[in-house]
Amino acid sequence: MSTSAKTTPTTVTDPTEFATYAINAKMTTEEKIHILAEMVRVRRFEEAAFEQYQKGKMGGFLHLYNGQESVAIGQISLLGQNDHIITAYRDHAHALGVGMNMNECMAELYGKITGCSKGKGGSMHFFDPEKNYWGGHGIVGGQTPLGAGLAFHLKINGQKGCCLCYLGDGAVNQGAFHEALNLAGLMDLPVIYVIENNGYSMGTSQVRSSAWKNCLAYRADGYDIVWDMINGWDIYEVRAKTQIAIDRAHNESRPTVIEVSTYRYHGHSVADANAKKYRSEDEIKRFECEFDPIKVWRDRLYTEGVLTEDRYKQIDKAAKEEAKASVLFADESAYPTVEDITKDVYWEVDNDTIAGRTGRHFFND
Amino acid sequence: MSTSAKTTPTTVTDPTEFATYAINAKMTTEEKIHILAEMVRVRRFEEAAFEQYQKGKMGGFLHLYNGQESVAIGQISLLGQNDHIITAYRDHAHALGVGMNMNECMAELYGKITGCSKGKGGSMHFFDPEKNYWGGHGIVGGQTPLGAGLAFHLKINGQKGCCLCYLGDGAVNQGAFHEALNLAGLMDLPVIYVIENNGYSMGTSQVRSSAWKNCLAYRADGYDIVWDMINGWDIYEVRAKTQIAIDRAHNESRPTVIEVSTYRYHGHSVADANAKKYRSEDEIKRFECEFDPIKVWRDRLYTEGVLTEDRYKQIDKAAKEEAKASVLFADESAYPTVEDITKDVYWEVDNDTIAGRTGRHFFND
Amino acid sequence: MRQITYREAIREALDEELANDKNVILMGEEVAQYNGAYKVTQGLWEKWGDSRVMDMPISEAGFIGMGIGASMLGTRPVMELMFWSFAYVAFDQIINNAASVRYMSGGKINCPIVIRGPANGGTSVGATHSHTPENFIANTPGLKVVCPATAYDAKGLMKSAIRDNDPVYVMESTVLYGELGDVPDNADLPNGELLIPLGVADIKREGTDISLIAHGRSVIVCLQAAEILQNEHGISAEVVDLRSIRPLDEETILESVRKTNRAIYVEENKPFCGVGSQIVSMIQEKAFDDLDAPVLRISAIDAPAFYSPPVEKMQLPYASQVVDKVLTICEPAYA
Amino acid sequence: MRQITYREAIREALDEELANDKNVILMGEEVAQYNGAYKVTQGLWEKWGDSRVMDMPISEAGFIGMGIGASMLGTRPVMELMFWSFAYVAFDQIINNAASVRYMSGGKINCPIVIRGPANGGTSVGATHSHTPENFIANTPGLKVVCPATAYDAKGLMKSAIRDNDPVYVMESTVLYGELGDVPDNADLPNGELLIPLGVADIKREGTDISLIAHGRSVIVCLQAAEILQNEHGISAEVVDLRSIRPLDEETILESVRKTNRAIYVEENKPFCGVGSQIVSMIQEKAFDDLDAPVLRISAIDAPAFYSPPVEKMQLPYASQVVDKVLTICEPAYA
Ligand SMILES: Cc1ncc(C[n+]2csc(CCOP(=O)(O)OP(=O)(O)O)c2C)c(N)n1
Ligand SMILES: Cc1ncc(C[n+]2csc(CCOP(=O)(O)OP(=O)(O)O)c2C)c(N)n1
Ligand SMILES: [Mg+2]
Ligand SMILES: [Mg+2]
């Protein structure tokens, strides 16, 4: 979908057709609206974060997900008890999608002790293992073997589940990803690699960073791994095609590589001064107008007659309020202290075990 | 070709057909015999090395090339002035093939100062840059980006040449190789990756180490790189198909990945106690009987009437004598001294430049 | 006492821990069907089968990352690096993911992995295969590193490493694999098994005139040197074996130095920022007034590892070199 | 004198060396069309074009290995790591290939590469992005490592690094990129250009009571501390900037310590086997009798880098911390 990529969808993408897939056909109205609400929550959270970042409330990077919401939210809507997810640094949507609340996320951005990682992780490192969410990883491609490992654990313990492991179109060029693909194919791991192809890795378009044929996901073919492409702005398509991969993982314990066409409106990170230099304003506008995942889904629900304008406004208002409250929460939360620096380094030390008390673990002075 | 791999040749491999390819058709008798002589040299060198290793004359590893001779020798016979080669640790044949003499190679195995790397490299690290031979590299897959770099230098300096970069069937699973493939495809590098597929990485057969479709070389397809398969025991096929890749590099500055079916008779290294455990005696025998590259080529030259038995005996004798002389040379050469340890670390120090004399470079005491 | 090799000691530790906890699995290149490149895991695949002992492709970043990922869910992978030198192709997984995931998650995740394999020179395998990255690992908060010098320590430390809930990286030595040592039968042990806590140094030989402090195979070199010093020079050297580099037993080191007032650190590490530099700097800071001479160091000669067998031997610490160094700061009782 | 930023100083060095030698090329992620993630290479692609300034995919092992390979044939690549933290995905190329290829070939090959980029904490980018691997690099014979603290040094050292025929790894600091400093116009220089040899430390401030020794941004911290020490405590601190860690100017360090008899090493490195440990251990060995107090160290607080901005600031050395440490071993002239 991105103008700079040679990729073309693998199938004719008639959304009404995907709507008829079992996984979509059986959706209740409330489920459909829930997906919308989640996407709106993500959008409003990112907007609030952006605003506070500009005010100097946060440090480091802030990678926003605006424009890509349907990918994480659509896919997460399919996950069950033994399904896990892990992603890169553009990780807020996945966090909110699995059910983390905005307070702990916003507080993390602020570096407050009430943050989901106690202020230790920041924007790139959200985690909630209890919700099967394994982060939030800053090193490009570094999470891809971890994703294989989550799937590996499920497999060797006979649990019917899978791991959705996200990466970007730039990340496909990290060697670790290929090693992970080979392991997944060789060992029959129930892992699904989701390439969120937003057309750019920082300021580099797909054509300038990757050599490929057909599409990036096609590299999976060399490992005899099934691959597919998804038009990411369409929730029905995202769900329909992802469900096939999940079924493959659950029933055959086989991996899949999925490439999802999507787009990010903001720069690579908020500090990306070139955000509008390596792509045209027109390109950005076009995506916002024609392919905005929230609009597309909202309008579909209007057409289906399951959503009213009022209900939408309500959803939007709730999301804005939740975001606003999270800013307040973050503003009012305390910072960690210097004493916190050497906590959460060693399990044995934190748990004050004999092992944690034996020998010196930290070496200042 | 290897019994454990699902690979099948991409084309019908009628050797007489490959003989008609221009690059083969135009060969003189002496050129044909030279190739035979080179293969025999390699075989005799390896045998002599093996014998001396067993006597305890060497340290570390010794990875022998017996059974694979036609690959390196066949391909090297095609190389011109701006063509470079680089390989992994199974590197003796490539060294001899480019014209290094047995003395410096055997002395290197002994760790003598007269060795091609002054005793610093050992079996895995033969080098002769003046003959366009860039080693001999011990870390699996680690040479593959270097090979891209040699090609890159040629390209940016407008030299019509290429780099043949060898790796094993196990090495394809190192991430660095995939990064190198992407770079080669993306930047149009005149590099030819030659996967010497001998069916095993140490004790692990191809089926147990790799996920693939069609063949290992097919992974190149995902990078839009042309790939091919070669029956490695046949010199005509090796030369015919390699020449196509060389032409592609020279004329189009495009990479190729070639997978060559071959077989090693010895264990992974001489110290491989399991050499006959992970594969049957029968399998080894079958290759020695039916696909020995020296026999196959010798018999073809007999059939073609360009080689007499006498001439072959002469060649064999010369190779044995050269090998024997190299053992004597190595035996009689001196070891490096402790003073040599800190030489060849820094160019600036070795060349006694101002930079080499400024500041402390070595830190004992 | 029963004598077994260092290799067998590690194997026993692995075997016992496979029995002890069904979450423990072994992974690595050639560890299963091939019995291990150095035969450490011999017989374990036969005994425990595919589900507990698994061969891996030559993808260190891939399979170590996979092990880290699985450990987050409770698997306890013990991963072999055929050589620790190959850690560098997986260094991001080893240094970033394993060391940081607990921290960056605010303690929500832990990573109970072991990475083990040989890290030593002295076997003529050249520069790329002879790295000793214990200083790099010990530099990295979140990681633990252990270097056993004897069969006894190898077994006891390995078992503790596997039970530890943090990433523990065990650096063995191919040179020591065949060395015999006293290792008690479990039946003869009060608790029925041999566990040596991480973070406890061991006085391998008592002495009064100088402390020779070391880790890994250099401990053996120090013991040889101590013997010569005693016999030929009447100098009583105490040999302190760190065993565990992080966590570190500083007290035992300092006690020894406070007694002997002189110390030398001996290691196969390269000198610049080697483990020795840390120990020396710690000693001078904490026992400044107890020192009668500067604390000296013997490290590998500062160059990539030389292939040539006789030369490489001289590149690494050896007993007479230690003796000579001791004599520069100790008065011999008889000369 | 003319003032420019540290960032501009590096850019000038790159620009001048691109002009000086047609074999010099710049490679890295976003260095060309994007002008560099930290704008160090701004304008250079426009000026020098595709053939000299090249964007690379996110494949550090691939493109650094490619640069090493090309360097063997005479290309002189200057490769940017967007962060030095990303070195770990390319560590085998960086530590094995670049450092060993000359040695293992018996001196037949050399590897005139530069790898440069920021290596620092303090910008709240979390544990995986805040590594300072100067100690790992300096541990590795065959490699050179340089850490400029000022615009002047950054320019002069970078130019020397590019002309050096060995692999030189330059560690910059994102925190310093915007700092202004005196850098002469070439027209005002006797040789028409600014070259600072590697291996020469610089006394950034003279003093008599204590030597504050540091590298990188910690030099600035030491200068701030020295100011406070002078003004508030009447203590005269000498600030020694290593500039180049390997090769190392031991003489300048020792001279300073012989004069002041007291020293503290300050660094952003983690303490265990950090650069400070090497310098401290060297000082106590070579200036044992000149020391009036143990040589102390201030390193980053020993944990992965904390994200939270105000906390991370406390994790790294700061001036009042240096002052306090000095006061533990120096008598203030007035209190
Ligand atoms: C190994 C590594 N190299 C470089 C970076 C710097 N970096 C962070 S994100 C990024 C671009 C990644 O693009 P993509 O994978 O397409 O993901 P997107 O940002 O589009 O979501 C780069 C180069 C990094 N974090 N890790
Ligand atoms: C990164 C790395 N991992 C592991 C090894 C140990 N090792 C050396 S050769 C080898 C097998 C390689 O097999 P293959 O690539 O098929 O080449 P072949 O030996 O068959 O020529 C292994 C595992 C290594 N040298 N480097
Ligand atoms: Mg992208
Ligand atoms: Mg093989």
Side-chain angles (χ1 to χ4, degrees), chain A residues 84 86 108 115-122 124-125 127-130 134-139 142-154 156-157 163 175-176 178-183 186-187 189 342-351 353-355 358-363 365, chain C residues 23 25 51-52 54 56-57 59-75 77 89-90 92-93 96-97 99-112 138 141-142 144 160 163-166 197-201 244 246-251 278 282 285-286:
Chain A
H84 296 261
I86 185 167
E108 187 60 33
C116 58
S117 300
K118 298 186 194 158
K120 286 181 170 162
M124 304 196 285
H125 307 115
F127 292 88
D128 197 339
E130 292 197 357
W134 299 93
H137 293 269
I139 299 294
Q143 77 281 13
T144 56
L146 302 185
L150 293 165
F152 173 69
H153 175 91
L154 296 173
I156 63 178
N157 286 282
C163 174
H178 297 278
E179 298 193 6
L181 281 185
N182 184 53
L183 287 163
L186 182 70
M187 302 176 74
L189 301 181
T342 48
K343 290 178 190 156
D344 304 315
V345 181
Y346 293 104
W347 187 97
E348 301 284 356
V349 173
D350 295 340
N351 289 279
T353 62
I354 295 180
T358 305
R360 187 150 197 215
H361 286 73
F362 300 99
F363 291 89
D365 293 340
Chain C
N23 286 312
I25 59 168
S51 68
R52 305 294 299 283
M54 302 179 209
M56 289 293 139
S59 307
E60 286 83 358
F63 80 75
I64 289 177
M66 186 173 81
I68 295 167
S71 82
M72 302 191 308
L73 274 169
T75 296
V89 298
D92 182 57
Q93 297 298 328
N96 260 332
N97 281 345
S100 313
V101 75
R102 177 170 181 76
Y103 200 68
M104 296 194 312
S105 69
K108 285 178 177 168
I109 298 178
N110 65 321
C111 180
K144 300 179 179 178
S160 295
R163 295 198 192 174
D164 199 282
N165 287 306
D166 295 305
L198 313 189
V200 180
S244 161
R246 186 171 189 148
L248 178 71
D249 181 356
E250 288 189 354
E251 261 327 295
Q278 172 66 26
M282 183 275 291
E285 180 180 341
K286 300 193 176 169

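Naming: A, B, ... by sequence-line order, numbering from 1 per chain.
Residue C/Met54 touches chain A through its side chain alone, counting heavy-atom pairs closer than 4.5 Å. Heavy atoms of A/Met187 lying under 4.5 Å from chain C belong exclusively to its side chain. At a 4.5 Å heavy-atom cutoff, the contact between C/Asn165 and chain A is made by backbone and side-chain atoms alike. Using a 4.5 Å cut-off between heavy atoms, A/Asp365 touches chain C through backbone and side chain atoms alike. Both the backbone and the side chain of C/Ser105 come within less than 4.5 Å of a heavy atom of chain A. Only the side chain of A/Leu186 comes within less than 4.5 Å of a heavy atom of chain C; its backbone N, CA, C and O stay farther away. For A/Leu181, no part sits under 4.5 Å from any heavy atom of chain C, backbone or side chain. Proximity to chain C (any heavy atom under 4.5 Å) is shown, for A/Cys116, by both the backbone and the side chain. Only the side chain of C/Gln278 comes within less than 4.5 Å of a heavy atom in chain A; its backbone stays farther off. Using a 4.5 Å cut-off between heavy atoms, A/His84 touches chain C through its side chain atoms alone. For A/Tyr346, the parts lying near chain C are the backbone and the side chain together; criterion is any non-hydrogen pair under 4.5 Å.
The most heavy-atom pairs under 4.5 Å with chain A, out of C/Ile25, C/Asp92, C/Val89, C/Leu248, come from C/Leu248. Your options are C/Glu285, C/Lys144, C/Glu251, C/Met282, and the one with the most heavy-atom pairs under 4.5 Å with chain A is C/Lys144. Annotation: maximal heavy-atom pairing with chain C below 4.5 Å, among A/Arg360, A/His125, A/Lys118, occurs at A/Arg360. Chosen from C/Asn23, C/Asn97, C/Ile64, the residue pairing most often with chain A at heavy-atom distances under 4.5 Å is C/Asn97. Here C/Gly142 is the residue among C/Ala61, C/Gly142, C/Gly107 with the most heavy-atom pairs under 4.5 Å with chain A. Among C/Pro57, C/Pro112, C/Pro197, the residue with the largest count of heavy-atom pairs under 4.5 Å with chain A is C/Pro57. Each of C/Val200, C/Leu198, C/Asp164, C/Asp249 has some count of heavy-atom pairs under 4.5 Å with chain A, and the biggest count is that of C/Asp164.
A donor-acceptor pair under 3.5 Å is formed between the side chain of C/Gln93 and the backbone N or O of A/Gly142. Formation of a donor-acceptor pair under 3.5 Å by the A/Lys120 side chain with backbone atoms of A/Lys343 is found in this model. Without hydrogens or angle criteria, C/Ser244 side chain to C/Pro247 main chain gives a donor-acceptor distance under 3.5 Å. Of the possible donor and acceptor atoms, none in the side chain of A/Glu179 sits under 3.5 Å from a partner among the backbone N and O of A/Pro145. The backbone N or O of C/Ala90 sits nowhere less than 3.5 Å from a side-chain atom of C/Glu60 that would complete a donor-acceptor pair.
Here the side chains of A/His137 and C/Val101 are in contact, with some heavy-atom distance below 4.5 Å. Under the 4.5 Å side-chain criterion, counting only non-hydrogen atoms from C-beta, A/Asn157 is in contact with C/Thr75. Looking at A/Leu183 and A/Phe152, their side chains never come closer than 4.5 Å, going by heavy atoms from C-beta outward. Side-chain contact between A/Trp134 and A/Leu146: absent, with no pair of heavy atoms (C-beta onward) separated by less than 4.5 Å.
A/Ala355 and A/His361 get closest at one heavy-atom pair: O-CE1, 3.4 Å.
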